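Everything quoted here is computed from the prediction, not taken from an experiment.
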Amino acid sequence: MHPGFAIGLVFLGCSSNVVFLELLVRDFPGCGNIVTFGQFLFIALEGLIFQAHFLTKPRAIPLRNYFVMVTMFFLVSVVNNYALNFNIPMPLHMIFRSGSLIANMVLGIIILKKRYPVAKYISIVLISLGIFICMFMSAKQVASHTSVSDDGSYSAFIQWLIGVAMLTFALFMSARMGIFQETLYKQFGKHSKEALFYNHFLPLPAFILFASDIYNHGILFSQSQTIELVPLGMSMPIMWFYLTMNVLTQYVCIRGVFILTTECTSLTVTLVVTLRKFISLIFSIVYFKNPFTLWHWVGTSVVFVGTLTYAEVWKTLKPLMYRKRKEQ
């Protein structure tokens, strides 16, 4: 499959997914559980039919290993979406998740005893500094908002701190899951489609814990404004439409990333994902009018420069620029 097709899927799916997620949390900030459940259910059903062949296809990786990976994957997905309940603006959510390289490097040093070139450490310092700047400015915004509230309470600021703690936990748990998945692939071979299915299928019973919240938000979604879907000749509550589109675009996003990792180098994947995040961030700021100061822009720029430095983009671009000059 042509890499351009995979890149198109990533930009279309992942960017659209963020838009529909923000449309959902803008009206119902606490809808993280129903969004996560919808995504898991759809991907699990698709995998059950086309990947596992209704569980008749033999597994390449033992089930006990999947239970470990699934536990981590479930926690990461739920905590990331649920953090939006705690005064975490969507731009900060996206910037914070760009810090995955920090968690990967830290755990790589601790668990795998890896050592990295100096440039990698510099890039991690840049990413950490950029995230800190954005967090500090967001904290000031929350603090200024709560200081003028009627009761003078700082409960919103405390909630923000809890949200940041949740994102930090999810960041490192995701990195730990990546290391565990890497060891499994080395032992049993790379079976990404199988892992994708079991990561979404096995956690489904755990959503019983959130059944009440999911049901209540389902009722609220059903009471939302109705939208006419002219091409389909039907109408549906707009929040259910947003959820449906979020689930579908999440699937397109995941499939796009999967194809990209099999067709392109890790550098290309990093560049595409980084650029996609930047475009999503710009759209979130402009279209949804999220507060974003000059210092937020500085922090965001530092994060992306650090990410590109980690991917050693400059080493790749330098020979290309030299070759172009030589041809001229």
Side-chain angles (χ1 to χ4, degrees), residues 11 14-15 17-19 21-22 25-26 29 76 79-107 116 118-147 154 156-175 269-314 317:
F11 275 96
C14 300
S15 299
N17 179 257
V18 173
V19 172
L21 177 61
E22 188 151 3
V25 300
R26 183 180 58 176
V76 169
V79 171
N80 264 328
N81 282 339
Y82 202 67
L84 293 169
N85 295 15
F86 293 85
N87 285 331
I88 299 294
M90 187 61 75
L92 180 61
H93 192 273
M94 286 187 279
I95 294 168
F96 207 96
R97 294 182 70 175
S98 298
S100 57
L101 291 175
I102 301 173
N104 289 336
M105 179 176 280
V106 170
L107 293 187
Y116 299 89
V118 176
K120 301 287 187 185
Y121 292 107
I122 293 174
S123 67
I124 292 305
V125 171
L126 289 174
I127 295 171
S128 303
L129 177 63
I131 291 176
F132 174 78
I133 292 172
C134 292
M135 284 177 55
F136 181 75
M137 296 310 298
S138 294
K140 285 185 66 176
Q141 288 177 343
V142 174
S144 63
H145 175 73
T146 55
S147 64
Y154 281 89
F157 182 68
I158 298 300
Q159 282 190 332
W160 179 85
L161 288 177
I162 294 173
V164 168
M166 292 172 70
L167 289 177
T168 304
F169 168 80
L171 199 66
F172 280 90
M173 180 61 72
S174 178
V269 175
T270 302
L271 288 175
V272 170
V273 172
T274 301
L275 184 59
R276 194 280 303 169
K277 288 180 179 178
F278 188 74
I279 291 174
S280 296
L281 180 65
I282 299 298
F283 187 88
S284 175
I285 296 166
V286 174
Y287 184 79
F288 292 102
K289 296 181 174 58
N290 284 304
F292 216 73
T293 65
L294 175 62
W295 280 107
H296 281 101
W297 282 114
V298 171
T300 302
S301 301
V302 172
V303 168
F304 284 108
V305 168
T307 302
L308 296 177
T309 302
Y310 187 93
E312 298 182 336
V313 175
W314 324 120
L317 293 179

Between I124 and S128, does the side-chain contact (heavy atoms from CB on, under 4.5 Å) criterion hold? Intermediate values first, please. CA-CA 6 Å; I124 292 305; S128 303; 4.1 Å; yes
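- A donor-acceptor pair is defined here as one N or O able to donate and one able to accept, closer than 3.5 Å; such a pair exists between the side chain of S280 and the backbone of R276.
- If you take CG on L107 and CG on L171, they are separated by 9.0 Å, rounding to the nearest 0.5 Å.
- For F169, there are no ring pair (Phe, Tyr, Trp, His ring centres under 6.0 Å) partners, not counting sequence neighbours.
- The structure places CD1 of I95 at 3.5 Å from OG1 of T300, a figure rounded to the nearest 0.5 Å.
- Heavy atoms of other residues, nucleotides or ligands lying less than 6.0 angstrom from CH2 of W295 number 12 at most.
- Contact check for P91 versus H296: no side-chain heavy atoms found under the 4.5 Å cut-off.
- Inter-residue side-chain proximity for V106 and F172 is flagged as met; some heavy-atom pair is nearer than 4.5 Å.
- More than 12 heavy-atom neighbours from other residues, nucleotides or ligands sit within 6.0 angstrom of CZ on F86.
- Interatomic distance, M166 CE to N85 CG, rounded to the nearest 0.5 Å: 7.0 Å.
- Side-chain atoms of S174 never come within 3.5 Å of backbone atoms of A170 as a donor-acceptor pair (strictly under, hydrogens ignored).
- The CG atom of L21 lies 4.0 Å from the CE atom of M90; values are rounded to the nearest 0.5 Å.
- For OH of Y116, the number of neighbouring non-hydrogen atoms (other residues, nucleotides, ligands) closer than 6.0 Å is greater than 12.
- The line from CD1 of I102 to OG1 of T168 is 9.5 Å long, rounded to the nearest 0.5 Å.
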Y121 vs M105, test: side-chain contact (heavy atoms from CB on, under 4.5 Å). Steps then yes/no. CA-CA 9 Å; Y121 292 107; M105 179 176 280; 4.0 Å; yes
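- Residues L167 and A83 share a closest heavy-atom pair of CD2-CB, 3.8 Å.
- Counting non-hydrogen atoms of neighbouring residues, nucleotides and ligands closer than 6.0 angstrom, the CZ atom of F132 reaches no more than 12 such neighbours.
- Between G306 and S123, the shortest heavy-atom contact is O-CB, 3.2 Å.
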Start with the C-alpha gap between I88 and V164, add the side-chain angles, then the distance that decides, and say whether side-chain contact (heavy atoms from CB on, under 4.5 Å) holds. CA-CA 8 Å; I88 299 294; V164 168; 4.0 Å; yes
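- To the nearest 0.5 Å, atoms CE (M137) and CG (L294) are separated by 8.5 Å.
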